[in-house]
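Computation of the quantities below employed the complete heavy-atom set of this structure, encompassing side-chain atoms and omitting hydrogens, waters and symmetry-equivalent molecules. Letters go in sequence order (proteins before strands), and every chain restarts at 1. Keep in mind that this is a model prediction, so the values were computed, not measured.
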Amino acid sequence: MANIEPLPRAYESADVEKKWFPEWEKANCFHGDPASGKPGYSIVIPPPNVTGILTLGHVLNNTLQDILCRRARMKGFEVCWFPGTDHAGIATEARVVKYLKETENVSRDELGREEFIKRVWQWKEEFGGKIIRQLRTLGCSCDWERERFTMDEGLSAAVRKVFIRLYEKGYIYRGQRMINWCPAAKSALSDEEVIYKDVAGKFYYFRYPLADGSGYLTVATTRPETMFGDTAVAVHPEDPRFKNLIGKMVKLPLTDREIPIVGDQHADPTKGTGCVKITPGHDPNDFEVGRRCNLEVINIMNPDGSLNDLCPAEFAGMDRFAARDLCVKRMEEAGLLEKIEDITHAVGFSERGNVPIETLVSAQWFCKMGELAKPAIEAVKSGKIKFYPERWSKTYFHWMENIQDWCISRQLWWGHRIPAWYNEKGEVYVGEEPPAGDNWRQEEDVLDTWFSSWLWPFSIMGWPNGGKEEMAKFYPTNDLVTGPDIIFFWVARMIMAGCEFTGEIPFRNVYFTSIIRDDLGRKLSKSLGNSPDPLDVIKEYGADALRFSIAYIAPIGMDIKYSNEKCEIGRNFANKLWNACRFRQMQGDCSADCRKLPEGALSADENWMLAKLDAATETIENELENFRFHAAAHALYDLVWSDFCDWFVEAEKVPMRAGGEAKERALAVLDYALFRILKLLHPFMPFITEELAHRMGFVEEGKFLMYEEFPTTGSGRSNAGAAVAVDGKFELVRAGRFLRSSYNLPDGKKLKFHIKAANGEMLEFLSNELPSLKSLLNAEDIEISAEAFDPSRGAAVSQTVVCGVISLPLADLIDVDAEIARLKKQLADLDKWIAGTRARLANEKFVSSAPAQVVADTRSKLAELEQKAEETGKLLAVLGN
RNA sequence: GGGCGAUUAGCUCAGUUGGUUAGAGCGUUUGCUUUACACGCAAAAUGUCGGGGGUUCGAGUCCCUCAUCGCCCACCA
């Protein structure tokens, strides 16, 4: 062992974490080499927005990816974790618009398209991608040389190629359709970018006079201001109240227009007044009615959501909400407002702009999805792609089987400009470059951000103009780790794109992470101020602590309730591990190799430790195979804290005190166990484990724990029988400690115990373990015999466990009455259990239908309980009962 | 309206295909300057497993039903 310098008393994460990342990077540890002979393993990062900063959601997501990558690396795979960022059209454009307003007081339109885009790029170079640098602080082992951006030339070429290909296939088309319009971004949105929220609103009942003066119809609306776009009033064709009015005209109030009364099944006689105002330009259902009844479509809105010139003069240019109020006022003045009802209704908001969207008819580009969805549905149905937790596949199928055309054009400047060209004759050409002549002008619109994201798993590797080697080695990727909130936006579309453009699924497993909430269950948000900055958390607790804590507390498939205090789990755990190593280091050098177990027989405790290591190794392997990160974290925590520190280290103090060969052997096993623990723990806590592996001399300078072989089950030396016996010994120790603490005898006081072994075999085993028992119980002396403690020697309290009865002679120290009461309660409990167990065994159906092993276990349990009861009875007798 | 999830100790949650007396961490209580660690050690207490019904020899676990909470999708003149 190379004792370079003594370890400090408490673990200080900052220096250690600062040190290792550059070391790993310098040694090129993160690079994924497509020419390697090892089998490939790859993950693509869900590209964070280039404007983004690290949140706890990213911490969770990327910690899990790093665990997978580091484990795969240690298992001998050539690992490549592809990092990068997303240009995030709307978000970034809005961000830079705001920035330019604040710094230079110029608007987007004042700068013009070309200049504005230049400024966005400048902003990106200066402020963007901060999140990527922050991921390094977390220890993420991405192949940083391969960082990509969705607007890079290569990725943009992929976007153009895909657009042209889909256009040529007839999947992409341009058309006038009802779309979602965001007045904040002044752009079209896809259906997925609209979020419905329940808000308080009002139902306004308006009277529309019949043109012939014979009366009026009452219509109800939540959107009075859209009345200027009304081109009909609909009633149900069979509604006896109104069917004779079909074909007549009503006067549209506040205007000089007359509009027809039409019959259409959309009007439900049981709802509202039975009469519906029809606004084909601003409502999807009304649009359909308009189509059926040949109605005019009037768009009454400007791109910013204000009313346009098609409305009465006093409304033109007015914001839609102000117009609503004025409209109601004017109707009231005209005596046409019948009533107003308060209601709660769902209103669509734009995801990014967080303002109510408008539905309106507009010329946009769409992509037909039906055919693309088919192989993507099959990929998940057949199990080629697996979802974890599996239930998300239901959400996926539901959406995919009802998939709608995707509105892919956006009226922004920041994004991939659509490779379509128009000439003066009104012709359209789609291609990389416009044809010669005819003054072809490129389409002004850009593409939805997700139109580049859906290509990410292969565009990031260089597709279609290169990256052949990368694709061969790393595509399809293995695992995808992402949030269930982007199943539609991203996951489903990536599967479709992969199948369509590469002929292969883009990944085999998708793990959906939990959503992080605060400890009150609220979503983390900047405005609530409940969103901790991960960098502050790292400063206070350490990156390893944050990583471990978050993996430890993340339940499977449910929301995580997070608070900074939870990071104490990881911080304390790191400190525990640190001190375990510190203790080992203080015991001095050992000549054995930590990669091998010492030759010759091991002690029972040492065998026990090996069995625990093997069990934990197997558990961790199984849990991680199934993406049960938290279960793996719990297994590691218990292995280190409980098995290794609480029991094994304490037990090994005996041979270490004995010195000589025993000490040498003990140290060798400690080293073996510690090294195994550091390897198992490395994917979760890379920094501290790398540091300790070097400090302890387990890994030589210039080499890295991160490239050590990940442990596999089977040291070949653990002995299950011995492990069970040692479990029994530890149970006996716990019983002895209970007796001590029951009578408030301080831990430091040396006591004398008597142990009655349960049988001859146990007598021999426990006698061998005498020094260990004395140490663990802090006993001055322990009598081990086949006989119970002789009551004539005085009062004693006892506990019965599987391997025997441990007694503590009291020599006038205790309250006899209290002890009698305790034993009586214990006896009563035992009797209850015995009765229950006997009843079960007396039940023929149980004996005949339960598995033989279960019946046998129940029998031996009954014997155990009966023996315990007998012993307890004897103890009561000792105390004079 | 359709779908999904949750309901277990004061709090946060485990509990794998039904099989001993339902667990952990935090918190609480008690005792510890035991020569790695007070970011620690030893020990203890706390549960009608949301309610009701059913299947079974046996149910926290499977089925039905009700309740409450949350999310997603659809609809909403």
*Asks:* Indicate, with a heavy-atom threshold strictly under 4.0 Å, whether A:Thr273 touches base, sugar-phosphate, or nothing.
*Replies:* nothing
*Asks:* With a non-hydrogen cut-off below 4.0 angstrom, is A:Phe573 in contact with a base, only sugar-phosphate, or nothing?
*Replies:*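 The answer is nothing, as A:Phe573 stays clear of every strand by at least 4.0 Å.
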*Asks:* Considering only atom C1', compute the distance from B:U29 to B:A9 and round it to an integer number of Å.
*Replies:*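 Roughly 15 Å separates the two C1' atoms.
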*Asks:* Is any side-chain N or O of A:Lys394 closer than 4.0 Å to OP1 or OP2 of B:C4?
*Replies:* yes
*Asks:* Between the side chain of A:Glu17 and the main-chain N/O of A:Gly542, is any donor-acceptor distance below 3.5 Å?
*Replies:*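 Absent.
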*Asks:* More 5' along RNA chain B: A:Asp268 or A:Asp646, using each one's nearest nucleotide?
*Replies:* A:Asp646
*Asks:* Once rounded to the nearest 0.5 Å, what's the spacing between atom OH of A:Tyr204 and atom CD1 of A:Ile340?
*Replies:* 5.5 Å
*Asks:* Measuring to OP1 and OP2 of B:G40, would you say a side-chain N or O of A:Asn572 lies under 4.0 angstrom away?
*Replies:*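 Answer is yes, contact under 4.0 Å.
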*Asks:* Check A:Gly274 against A:Arg241 and note the closest heavy-atom contact, atom names and distance.
*Replies:* CA-NH2, 4.0 Å
*Asks:* Please determine whether a side-chain nitrogen or oxygen atom of A:Trp641 lies at a distance below 4.0 Å from atom OP1 or OP2 of B:C41.
*Replies:*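 For B:C41, OP1/OP2 do have a side-chain N/O of A:Trp641 under 4.0 Å.
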*Asks:* Pick the nucleotide of RNA chain B nearest each of A:Val733 and A:Gly274; which residue has the one closer to the 5' end?
*Replies:*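 With A:Val733 and A:Gly274 compared, the 5'-side residue is A:Val733.
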*Asks:* Hunt down the Watson-Crick or G-U wobble partner of B:C62, both distances under 3.5 Å, from any strand shown, or write none.
*Replies:*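 Its partner is B:G54 (Watson-Crick or G-U wobble, both distances under 3.5 Å).
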*Asks:* If only side-chain N and O atoms count, and only distance matters, is there a donor-acceptor pair under 3.5 Å linking A:Tyr562 with A:Asn564?
*Replies:* yes
*Asks:* With a cut-off of less than 4.0 Å, is there a side-chain N or O of A:Arg628 near OP1 or OP2 of B:G15?
*Replies:* yes
*Asks:* Expressed as a whole number of angstroms, how long is the span from A:Asn402:CG to B:G1:C1'?
*Replies:*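 Atom CG in A:Asn402 sits about 15 Å away from atom C1' in B:G1.
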*Asks:* Classify the side-chain pair A:Asp230/A:Thr279 by whether it contains a donor and acceptor separated by less than 3.5 Å.
*Replies:* yes
*Asks:* Would you mind telling me which of B:C39, B:A36, B:A43 lies closest to the side-chain atoms of A:Ala10?
*Replies:*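 The answer is B:C39.
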*Asks:* At under 4.0 Å, does any side-chain N or O of A:Arg840 touch on OP1 or OP2 of B:U21?
*Replies:* yes
*Asks:* Counting any heavy atom closer than 4.0 Å, what does A:Lys750 reach on the DNA or RNA strands: base, sugar-phosphate only, or nothing?
*Replies:*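 If one applies the 4.0 Å heavy-atom cut-off, A:Lys750 turns out to touch nothing in the nucleic acid.
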*Asks:* Using Watson-Crick or G-U wobble geometry with both distances below 3.5 Å, tell me the partner of B:G40, or none.
*Replies:* B:C32
*Asks:* Tell me if the aromatic rings of A:Trp392 and A:Phe387 count as close, with their centers under 6.0 Å from one another.
*Replies:* no
*Asks:* In whole angstrom, what separates A:Glu625's CD from B:U16's C1'?
*Replies:* 16 Å
*Asks:* Whole Å only: how far is the CG atom of A:Leu745 from the P atom of B:U34?
*Replies:* 18 Å
*Asks:* Which one, B:G25, B:C39, B:C41, comes nearest to the side chain of A:Ile569?
*Replies:*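 Selected nucleotide (nearest to the side chain): B:G25.
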*Asks:* Given the C1' atoms of B:G40 and B:C66, what is the spacing between them in whole Å?
*Replies:*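 Rounded to whole Å, the distance is 49 Å.
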*Asks:* What integer number of Å spans the C1' atoms of B:G15 and B:G2?
*Replies:* 31 Å
*Asks:* Do we see a donor-acceptor contact under 3.5 Å between the side chains of A:Lys653 and A:Ser775?
*Replies:* no
*Asks:* Between B:C37, B:A43, B:U12, spot the one nearest the side chain of A:Arg582, thanks.
*Replies:*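 Among the listed nucleotides, the one closest to the side chain of A:Arg582 is B:C37.
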*Asks:* Specify the separation, in whole Å, of atom CE of A:Met656 and atom P of B:A36.
*Replies:* 9 Å
*Asks:* If the C1' atom of B:A74 is compared with that of B:G58, how far apart are they to the nearest Å?
*Replies:* 44 Å
*Asks:* If you only use heavy atoms from C-beta on, which nucleotide in B:A36, B:C57, B:A42 is closest to the side chain of A:Arg737?
*Replies:*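 Looking only at heavy atoms from C-beta outward on A:Arg737, the closest nucleotide is B:A42.
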*Asks:* Determine the Euclidean distance between corresponding C1' atoms of B:A24 and B:A36; express it in Å to zero decimal places.
*Replies:* 24 Å
*Asks:* Does B:C41 have OP1 or OP2 under 4.0 Å away from a side-chain N or O of A:Lys576?
*Replies:*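 So the side-chain polar atoms of A:Lys576 do come within 4.0 Å of the phosphate oxygens OP1 or OP2 of B:C41, strictly under.
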*Asks:* Find out whether the Lys NZ or Arg CZ of A:Arg840 is both under 6.0 angstrom from the six-membered ring centre of A:Phe846 and within 45° of the ring's axis.
*Replies:*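 That pair qualifies as a cation-pi contact.
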*Asks:* Is the shortest side-chain N/O distance from A:Lys561 to OP1 or OP2 of B:C11 below 4.0 Å?
*Replies:*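 So the side chain of A:Lys561 is outside the cut-off, no N or O lying under 4.0 Å from OP1 or OP2 of B:C11.
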*Asks:* Can you tell me the Watson-Crick or wobble partner of B:G5, both distances under 3.5 angstrom?
*Replies:*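 Paired with B:C69.
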*Asks:* Roughly, in whole Å, what's the span from CG in A:Asp747 to P in B:U34?
*Replies:* 10 Å
*Asks:* Write down the distance between CZ (A:Phe548) and P (B:A24), rounded to a whole number of angstrom.
*Replies:* 17 Å
*Asks:* Write down the distance separating the P atoms in B:G47 and B:G10, rounded off to the nearest Å.
*Replies:* 8 Å
*Asks:* Roughly, in whole Å, what's the span from CD1 in A:Ile516 to P in B:G70?
*Replies:*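 That distance rounds to 21 Å.
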*Asks:* Whom does B:C13 pair with, Watson-Crick or G-U wobble, provided both distances fall under 3.5 Å?
*Replies:*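 Partner of B:C13: B:G23.
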*Asks:* Contact class for A:Cys645 (heavy atom, under 4.0 Å): base, sugar-phosphate, or nothing?
*Replies:* base
*Asks:* Under 4.0 Å from OP1 or OP2 of B:A38: is there any side-chain N or O of A:Arg9 that close?
*Replies:* yes
*Asks:* Counting only heavy atoms not in A:Glu341, do more than 12 fall under 6.0 Å of its CD?
*Replies:* yes
*Asks:* Round to the nearest Å and state the distance from A:Ile487 atom CD1 to B:C71 atom P.
*Replies:*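 So the CD1-P distance, A:Ile487 to B:C71, works out to 16 Å.
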*Asks:* I'd like the P distance from B:A6 over to B:G50, given in whole Å.
*Replies:* 12 Å
*Asks:* Donor-acceptor pair under 3.5 Å: do we get one between A:Glu650's side chain and the base of B:A36?
*Replies:*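 Check passes, donor-acceptor contact within cut-off.
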*Asks:* Please work out if A:Ser849 contacts a base, only the sugar-phosphate, or nothing of the nucleic acid, heavy-atom cut-off 4.0 Å.
*Replies:* base
*Asks:* So which nucleotide from B:A42, B:A24, B:A44 ends up closest to the side chain of A:Tyr552?
*Replies:*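 It is B:A24.
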*Asks:* Using atom P of each nucleotide, how far apart are B:G60 and B:U21 to the nearest Å?
*Replies:*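 Per the computed distance, 11 Å lies between those P atoms.
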*Asks:* Choosing from B:A36, B:G70, B:C72, which nucleotide comes nearest the side chain of A:Arg517?
*Replies:*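 Of B:A36, B:G70, B:C72, B:G70 is nearest to the side chain of A:Arg517.
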